[in-house]
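Just below is one structure, and these are the notes that go with it.
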Amino acid sequence: MPHPPAVRATGLVKTYGTSTVVDGIDFEIHPGEFVGFLGPNGAGKSTTMRMIGSVTRRSGGDLAVLGLDPSTDGPAVRSRLGVCPQDDLLDIELSSLQNLTTYARYFGISRTESRSRALELLDYMSLSDRAQDRVASLSGGMRRRLTIARALVNRPDVVLLDEPTTGLDPQARHLVWERLYALRDSGTTVVLTTHFMDEAEQLCDRLLVVDKGTVVASGAPRELIDRYASSEVVEVRLTHGRPAEWAARLDGLGERTEVLPDRVLVYAQDGDAVAAALERLGLDVSSVLVRRSSLEDVFLRLTGRALVEA
Ligand SMILES: Nc1ncnc2c1ncn2[C@@H]1O[C@H](COP(=O)(O)OP(=O)(O)OP(=O)(O)O)[C@@H](O)[C@H]1O
């Protein structure tokens, strides 16, 4: 028999006063999946995570987490979830080890078991050498890894990671990613939010692309790119004139054109052929860049806006 979904939302709604921030979304997350909510700031990703985590009550629709209703079975839901919120919320006066053991004790785990799990998780997150150091002395990346370790202390069935790498430098980000790959390979069900398309593309089995409180598309990253964008895109910047004025001249060159304030994007299966045709047109072009289509292009196609505003 197939397993029931780890999370199932049907017509999920959250309103704050008169503003609707989650607007009737439907999704299912299956056991063992690594799913990402990808969307710009303010899309409603964190709010959705908080409803799953039983921190915020929904205003409408249905939500089942591990078969339980987070609004009525909050403590039972929370005991089976691991949560890594956007802010680390660590006790900076305590050591890394103490942060984990203290948290484990909240779940009623014995002192000996708490210590043993904490040491194991510090090792898993490559933090063993900082076990006795106060959190105040750790870098941002180390704190994030410690927060993820903390989320795993109760051996959760589902892990929620709200923007796990926001604010980290590239090196720290890659260290976090490395640990998230390990988590994915261990078969843990993970739900992550991000507005980084590279993070979404590299880590997630499946994405729910969200904008203004609704899911605008879902699927595996490559599947979404294949469905909504041609395989290549040519970014054309012009020496003078507004892109909108030039767009008509570029229209027939590819399968579709998209006009942004500072450039025109021409989508095509063969970007080099478009670039060659452009040259023959003799336009006053300042730069031409041919690249593979990305999730950014998917988002632009679906919403008419960039995922990360320049
Ligand atoms: N407690 C609250 N009261 C009122 N409005 C809220 C509250 N929490 C969130 N919002 C609003 O809901 C909208 C969605 O916020 P949310 O944090 O879910 O978005 P997000 O997609 O996670 O974006 P971010 O990446 O910035 O966290 C925003 O406009 C935000 O201002």
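In listed order, ligands and their atoms are each counted from 1.
Taken from CG in Asp205 to CD1 in Ile29, the straight-line distance is 11.5 Å, to the nearest 0.5 Å.
Figure legend: Arg150 and Tyr103 shown as a cation-pi pair, the cationic atom lying under 6.0 angstrom from the six-membered ring centre and within 45 degrees of its axis. Judged by the 6.0 Å and 45° rule, Arg117 forms no cation-pi pair with Phe107.
Note on residues 52-72: pairs passing salt bridge (charged side-chain N to carboxylate O under 4.0 Å, His left out), not counting sequence neighbours, are Arg58-Asp69. Listed by first and then second residue, the ring-ring contact (aromatic ring centres under 6.0 Å, His included) pairs involving residues 27-64 are Phe27-Phe37 (not counting sequence neighbours).
Near ligand 1, heavy-atom contacts under 4.0 Å come from Tyr16, Val21, Pro40, Asn41, Gly42, Ala43, Gly44, Lys45, Ser46, Thr47, Arg50, Gln86, Glu163.
In the hydrophobic clustering, where aliphatic and aromatic side chains (Ile, Leu, Val, Met, Phe, Trp, Tyr) are joined below 4.5 Å either directly or transitively, Leu265 groups with Val233, Leu260, Tyr267, Leu300.
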